[in-house]
2 protein chains.
Amino acid sequence: MVTIDDVARAAGVSTSTVSYALSGRRPISPATRERVAAAIAELGYHPHAGARALASSRSSVLALVAPLRSDINVPVIMEFVTAVVTAAREHSYDVLLLTKDEGTAGLQRVAGGAMVDALIVMDVESDDARVPALLKLRQPSVLIGLPSEPTGLTCVDLDFEATARACVEHLAGRGHRRIALVGPAPGVYQRGTSYANRFLTGFTAAVGALGADVVAEPCDPSRAGVRDCLDRIGPDVTGLVVHNEAALMPLLDLLRVDGRRVPEDVSVVAVCPRDAVPPLPVRLTTAEIPAHEVGTLAVTMAMRLLDSPVATPPETRLLPPVIVERDSVSPI
Amino acid sequence: MVTIDDVARAAGVSTSTVSYALSGRRPISPATRERVAAAIAELGYHPHAGARALASSRSSVLALVAPLRSDINVPVIMEFVTAVVTAAREHSYDVLLLTKDEGTAGLQRVAGGAMVDALIVMDVESDDARVPALLKLRQPSVLIGLPSEPTGLTCVDLDFEATARACVEHLAGRGHRRIALVGPAPGVYQRGTSYANRFLTGFTAAVGALGADVVAEPCDPSRAGVRDCLDRIGPDVTGLVVHNEAALMPLLDLLRVDGRRVPEDVSVVAVCPRDAVPPLPVRLTTAEIPAHEVGTLAVTMAMRLLDSPVATPPETRLLPPVIVERDSVSPI
DNA sequence: TTGAAAGCGATACCAC
DNA sequence: GTGGTATCGCTTTCAA
């Protein structure tokens, strides 16, 4: 292996000079800088990450905890992951991928072993066992999601409550009064998944403000599950808010089978990321899930926590909803 | 930070004893082992990963290079990633996630810096620029896919050529003679993506063996793209092999619109992983993409390369096709 | 079965 | 603007 000493020798300088030439943490004369750069290129030198981490107590690695096997939206997860990895690389960080399955132990392992400088945690539940564990770590963390007790933690997410409200108001503004929510799979609620509950809260409040009955049903995304969900909702709604991407396809198909046209008989607003709108016959009006923005922002916030010489005050950022009007909503 | 010396002191033994108690690389008396374990638990000791990597020249990290933004099947990628991360953890390895975008430079960075002990590379192209780079690394690598020149590299994948043959034979065995391939998006072929070409090769050979005309069209998975693809294929095929999961939904819908029933008028075999079969009205007969097995196997092979004291001969494993019969194929 | 001590390859402090 | 070197926390050889 080529070491920093090899480079120093080849360039005719000391190891510290090579180190400083690399980090830029002290001035180096152009001539020296150039000789060092040449030696590095010639020898194909790559600093040893472990040695660097040991000496500097910084690993330049971010942990990303993702729900890798679950009933929640796969494309959305991929978009988060992509955004985080890409943004991290722009800050010269690498990403260590952990599964949610590892739970608290995984966080402690990678943080305790100083493998990572900061953690980004997706799919946070309202009352998440990992939250107290994160607060005890030496490394800062950023949550994608919003636990019920976020004190002391930095969080970022779409404002799902406002998003639900925006969906309802979009329909209400076009005359709809009988509006139902087709929610995520039952398991998502049972786990206390933060975003599902926040969406439901916003939906309930918005429909209540309209003085209408609140109809909200979880929905298993199988064809049978969607059939069942539609039956529970009943035949007389005119507006459907669908917070379940996987259910969209069977849902639209079953509406067709039932002879209910979209948007003539039923208007539909779907919650899903721009890039994952299913290629259905009707172009869906959606509330966007800005997964890319959220992921990028999570990295930015993590970098701020790492940069700040003193403790940065924890902050929660909820992105405002964006409704993209397409063809699945019509006035009543 | 709690160090190994703290643990040694607390347990009243030497640091080397703690190290060996941890690694099990030399016999330790039960009494000592216990005192060490107690001290570790009490102090909450986690070995410093960087220090360990520096001293042992092993990082216990695997690099996984995934195509994070692409036109290829997102659920399949997720299934690979999940399988790799899960299998890696079972061998006490962590996973560093790289994007394909980083190309050769990314490989050299993480390998040169000794961040990882081995690399697993997904989405290999037939003539992949990364292949020569991988051969030059000190760390072993496993490809998921099959480059045209795999000499010296360990590869694992579904046998796409045999899979295409199996699809065609499945249809031919039920009397179909006019069989067409709905392939991946044009870009996938243009990139020279290995699996797409191998599938096409197998398809062409199998249809040729039947003495029938070979009809194979790439397919953009938008609704318009699928429409276009169907038009190019023409109206008189009775069997469709669909190697494009995203296109399935619009495809089935357009067939319905055209009044062509599945499977009465057209039989369909789809290539897709078991867990990602779309919830369509017709339960699709599929050729499985065993993403989980392939991912797990990739890790196993990487471990074998790491374990073997001498160079293990490179090996290519192609998993045999499995057709799962459901309701989208009927005899003619 | 255990201990002492020499590295591993960087960083960053202290000098000049 | 540059050099020397103690130090980071662990593994592993050598010795007992």
Side-chain angles (χ1 to χ4, degrees), chain A residues 1-37 39-40 43-61 92 109-117 138 309, chain B residues 1-37 39-40 43-61 92 109-117 138 309:
Chain A
M1 170 165 216
V2 182
T3 73
I4 196 172
D5 290 299
D6 298 328
V7 175
R9 207 169 307 123
V13 298
S14 73
T15 59
S16 49
T17 298
V18 176
S19 177
Y20 285 116
L22 238 31
S23 68
R25 297 170 75 83
R26 90 179 180 188
I28 300 283
S29 76
T32 312
R33 192 202 317 295
E34 205 144 312
R35 308 230 312 287
V36 171
I40 287 177
L43 299 178
Y45 168 68
H46 290 271
H48 188 290
R52 176 173 273 190
L54 180 57
S56 68
S57 359
R58 290 181 305 99
S59 65
S60 294
V61 175
S92 300
R109 183 170 51 80
V110 299
M115 298 192 79
V116 303
D117 296 337
R138 195 170 35 269
Chain B
M1 170 165 214
V2 181
T3 73
I4 197 172
D5 290 300
D6 297 329
V7 175
R9 207 167 309 124
V13 298
S14 72
T15 60
S16 50
T17 297
V18 176
S19 178
Y20 285 117
L22 238 32
S23 70
R25 297 170 75 82
R26 88 179 181 190
I28 300 284
S29 76
T32 311
R33 193 202 315 293
E34 205 144 313
R35 308 230 312 290
V36 170
I40 287 177
L43 299 177
Y45 168 68
H46 290 271
H48 188 290
R52 176 173 274 190
L54 179 57
S56 67
S57 358
R58 290 180 306 98
S59 66
S60 294
V61 175
S92 300
R109 182 170 51 80
V110 298
M115 297 192 80
V116 303
D117 296 337
R138 194 169 39 268

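Only a predicted model underlies this, so the values are computations on that prediction, with no experimental measurement involved. Chain A is the first sequence line, chain B the second, and so forth, proteins listed ahead of strands; every chain is numbered from 1.
- Between the CZ atom in A:Arg35 and the OG atom in A:Ser29 there is a gap of 8.0 Å [rounded to 0.5 Å].
- An end-to-end axis angle of 30° holds for the helix from C:dT1-D:dA16 to C:dC16-D:dG1, taken from five base pairs per end and rounded to 10°.
- Atoms CG (A:Asp6) and C1' (C:dC8) sit 13 Å apart, rounded to a whole Å.
- Heavy-atom minimum distance, B:Met1 versus B:His46: CE-O, 3.9 Å.
- The nearest pair of heavy atoms linking B:Pro47 to B:Arg52 is CG-NH2, 3.3 Å.
- A straight line from CE of A:Met1 to C1' of C:dC8 spans 10 Å, rounded to a whole angstrom.
- Heavy-atom nearest nucleotides on DNA chain D were determined for A:Thr32 and for B:Gly50, and the one closer to the 5' end corresponds to A:Thr32.
- One can place CZ of B:Arg33 at 9 Å from P of C:dT2, the figure rounded to the nearest angstrom.
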Result block: side-chain N/O donor-acceptor pairs under 3.5 angstrom for residues 4-15 of chain B, not counting sequence neighbours:
residue : atom : partner : partner atom : Å
B:Asp6  : OD1  : B:Arg9  : NH1          : 3.4
B:Asp6  : OD2  : B:Thr3  : N            : 2.8
B:Asp6  : OD2  : B:Thr3  : OG1          : 3.4
B:Ser14 : OG   : B:Ser16 : OG           : 3.0
B:Ser14 : OG   : B:Thr17 : N            : 3.3
B:Ser14 : OG   : B:Thr17 : OG1          : 3.1

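- Regarding B:Ile28, its CD1 atom lies at a distance of 13 Å from the P atom of D:dT11, rounded to whole Å.
- Here C:dG9 presents its P atom at 12 Å from CG of A:Leu54, a figure rounded to the nearest Å.
- Closest of all the heavy-atom pairs between A:Met115 and A:Val61 is O-CB, 3.5 Å.
- Rounded to an integer number of Å, the gap from B:His48 NE2 to D:dT7 C1' is 12 Å.
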## Note on the structure
Heavy-atom contacts, protein to nucleotides 11-16 of chain C, under 4.0 Å, summarised as B (base), S (sugar-phosphate only) or - (none) per nt, yield SBBB--
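- Across all strands shown, A:Val2 has heavy atoms under 4.0 Å from sugar-phosphate atoms exclusively, and none from any base.
- Judged by distance alone, the side chain of B:Arg26 and the main-chain N or O of B:Tyr20 form no donor-acceptor pair under 3.5 Å.
- Here the closest non-hydrogen pair linking A:Ala114 and A:Ser59 is O-CB, 3.8 Å.
- To the nearest angstrom, P of C:dA5 lies 13 Å from CG of B:Asp5.
- Comparing C:dT2, C:dA10, D:dT2 against the side chain of A:Thr3 picks out C:dA10 as the nearest.
- For the pair A:Tyr45 and A:Leu22, the tightest heavy-atom approach, listed with the atom from each and the gap, is CE2-CD2, 3.7 Å.
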